[in-house]
Amino acid sequence: MKTDIILAGVGGQGILSIASCIGVAAMNENLYVKQSELHGMSQRGGAVQSHFRLSDKPVYSDQIPLGEADIILSVEPMEALRYLPWLSAEGMVVTDSTPFINIPNYPEPETITAEIKKLKKHVLIDANSLASEIKSPKSANIVMLGAASKYLQVSFKSLENALEEIFKSKGAAVVDVNKQALNLGREYAEKYIRG
Amino acid sequence: MQKKLLLGVEAIAQGAIDGGLSGVYAYPGTPSTEITEYIESNPVAIERNLHRQWSANEKTAMEAALGMSYAGKRAMVCMKHVGMNVCADAFVNSAVTGINGGIVVVAADDPSMHSSQNEQDSRFYGDFAMITILEPSTQQQAYDMAYSAFEISEKTGLPVLIRITTRLAHSRSTVETKELKSENEVHFPADPRQFVLLPAIAKRRYANLLKMQEVLGDNSEKSTFNTFEDADSKTGIVACGIAYNYLKETFNGAIPYPTLHIGQYPLPIKQIEKLAEKCDEIIVVEEGYPFVEQRIKGISQKIKIKGKLDGTLPRQGELNPDITNEAFGVKSENQYATPELVSPRPPALCQGCSHADMYEVLNQVMQEMGSNRVFGDIGCYTLGALPPYVAINSTVDMGASITMAKGAADSGVKHAVAVIGDSTFVHSGMTGLLDAVIENTPITVIISDNSTTAMTGGQKSHGENRIEKICLGLGVDREHLHIITPMKNKHEEMFKVIKQEVEYQGVSVIISQRECIRTAARKAAKKRANLK
Ligand SMILES: Cc1ncc(C[n+]2csc(CCOP(=O)(O)OP(=O)(O)O)c2C)c(N)n1
Ligand code: SF4
């Protein structure tokens, strides 16, 4: 089995933390991983993306071929759409619904939502509000990870353990709030899918 | 032995540390920067107190590594591909002197120019210097190559070049580490004249380098980094570095053509000849320039060589599995297109960036002067070329703003202005300024000093707190050296100073000084973490 994931967002929105969390979980489950990301110019509010590939067999290419991604996991709705050519026919888009507007020609947010709703499989989630509910707006990215967690080929427990490993140095409170964010995202996505 | 999830560049760093490194010398540059950053914070590197501070530029880095090698220790030099141009003099000559302690040079190429001015292929430099080149295809191989490169270097008495490209540099995978080796002790070259390249000695050294070519070739023939997989077909493949991964992806693990996978150069010519004997055509799949393709074109009359030169593969840009799919007639299927409403999101200066205030005011001045001959340089401030500023007319190579302004002024252009960052200024702007000072050329140099190397992630800048003294030392007239603070409430004052100096017909320097807000935030966060 393999899972190809496109992680998308804007520089500074924390997609690389999502990536390292899945990475740690996958390594602990002895899966093969390749996770490619572009650094550099992307630090200043530009679009950023990462290709994440998990499999129980060796992974060859560091990049996902067009039309083969099982999931696009995005922390920004327009960014989710940017990478649609990579999505497979049966693929799913899981995205935060909150637009990040730092360009003058950002489209009407409703038109973006409408595009996403056209997709057979999608989860739209206001991760910012959910993260604010638990008083940790910075954890919106982890809420998104939780929302996609069911489709990532690693167990939920492994993701929780990965959060623990990654945030341990920042204290128990930070670990807890991120676990809460993960659970919140998971629950919300399940509700969304059920309708 | 440990298992770690590492970027390709981090794997090189870990491999070098485990392979007995004593010092890394580098100037930041995407996608090579994380090699040095990894070593900076690695516990073993800290405990061993390996040299791990940044150098002023790639040339000083290469030379310092050569000094460490002279003293018998193992040194690594890291840079992005264009850094090879800067250190080329030292690099090429280091193959003539040869080494004492092992030297590994890492060049990170950036096909597709994700964050670079060109796509130059560093394998040409390795070939030019006539040394061993290693080109990994996986993170594990990046580790293994860095680990063994010092030994290859010491056995052959020559530096080794590791060439990687952006995708592998910035892709993570699991890496198994090997046993940690000890560092070399200080010991000096057996031949005390080895490093003295006076013609008489240089001739001897060069003869040695030529003689070594056969050995390097033999090493490549035997190298475990060059592998052959047979298949029943009259079409053969030579795949270099990560190009091999894309082929494997295209054919789902089983390439139906006899395939030679190259990881070590000079090319194993005998193996290529063997492949040529059984084939009618060879397709070369390589990232970067058609280096191998050109090299093997004449290998046999009866065989056709295909690749980037005949359009089998695109000449420009990095490879990916969609490209190899197309080249080999395997279909990629995408169901969806990007909806038209999606707009590009190009990088832009951060809100509150000090460069932005400088450009705003500079634009006002230039407008009033009826001139816009502003020469730019490389760094975050290069984004001043884009709207809303559209303030600079050039960006070529580090330091070129000052010297291009000088050349323009020499041609009679009035009000030639250079804009350069602090790190770029100390990298290679200082010598150009000296040229202008000597002739008192009428140029105005604005050093947009944000006290950091922001473009590559905020590394320490050698210019920090030194720019003013350096300019005075180079002979800039005190009267025409100003420091301004680029802030909203100071625009009027800034305007006055910039206008006055742009009008002045001699060398003037304006240091526009305010820390990068991102670097400041990062420093503050680090401080908070340390307090905790
Ligand atoms: C020869 C060479 N080495 C390295 C780089 C990568 N690089 C481009 S600009 C830059 C430094 C920019 O620092 P600074 O001039 O202080 O400007 P800032 O980004 O801080 O605004 C670096 C490291 C390059 N383009 N060319
Ligand atoms: S990182 Fe610093 S220098 Fe670069 S755009 Fe942002 S504030 Fe300006």
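Protein chains get the first letters and strands the later ones, always in sequence-line order, with residue 1 at the start of each.
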Test item: [X] side-chain N/O and [Y] main-chain N/O as donor-acceptor pair under 3.5 Å:
X	Y	value
A:E68	B:N334	no
B:D322	A:P65	no
B:S173	A:V33	yes

Checklist entry - If we ignore angles and hydrogens, is there a donor and acceptor under 3.5 Å between the side chains of A:N30 and B:K3? => result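 There is such a pair (donor and acceptor under 3.5 Å, judged by atom type) between the side chains of A:N30 and B:K3.
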Checklist entry - Are B:Q335 and A:E90 close enough, and set up right, to give a side-chain contact (heavy atoms from CB on, under 4.5 Å), and what steps lead you there? => result CA-CA 10 Å; B:Q335 306 289 323; A:E90 292 305 307; over 6 Å; no
Note, [X] side chain near [Y] side chain (heavy atom, < 4.5 Å):
X	Y	answer
B:R167	A:K34	no
B:S343	A:M78	yes
A:M27	B:K4	no
B:Y336	A:L119	yes
A:L81	B:L341	yes

About how many Å separate [atom2] of [Y] and [atom1] of [X], when rounded to the nearest 0.5 Å?
X	Y	atom1	atom2	answer
A:S50	B:H170	OG	NE2	12.0 Å
B:R172	A:S20	CZ	OG	7.0 Å
B:Y244	A:Y60	OH	OH	7.5 Å
B:S171	A:H51	OG	NE2	10.5 Å

Is chain B contacted by the side chain of [X], its backbone, both, or neither, given a heavy-atom distance below 4.5 Å?
X	answer
A:Y106	both
A:S88	backbone
A:V24	backbone
A:Q63	both

Next on the checklist: Tell me whether B:E249 is salt-bridged to A:R53, with the criterion being a basic N under 4.0 Å from an acidic carboxylate O.
Outcome noted: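 Counted as a salt bridge, because a side-chain N and a carboxylate O are separated by less than 4.0 Å.
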Item to check | Top contributor to chain A contacts, counting heavy-atom pairs under 4.5 Å, from B:P31, B:P344, B:G8, B:S137 | outcome: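 Looking at each option in turn, the highest pair count goes to B:P344.
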Checklist entry - Quick one: which of B:N320, B:T166, B:N245 gives a side-chain contact (heavy atoms from CB on, under 4.5 Å) with A:D62? => result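 Testing each of B:N320, B:T166, B:N245 against A:D62, the sole residue satisfying side-chain contact (heavy atoms from CB on, under 4.5 Å) is B:N245.
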Next on the checklist: Does atom CD (B:E40) have a neighbourhood of more than 12 heavy atoms from anything else shown, all under 6.0 Å?
Outcome noted: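 Yes, the 6.0 Å shell around CD holds more than 12 heavy atoms from other groups.
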Checklist entry - Would you find more than 12 non-hydrogen atoms of other residues, nucleotides or ligands less than 6.0 Å from A:K2 atom NZ? => result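 Yes - once you tally the heavy atoms of other residues, nucleotides and ligands closer than 6.0 Å, there are more than 12.
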Report which part of [X] has an atom under 4.5 Å of a heavy atom belonging to chain A: side chain, backbone, both, or neither.
X	result
B:E340	neither
B:L319	backbone
B:Q351	neither

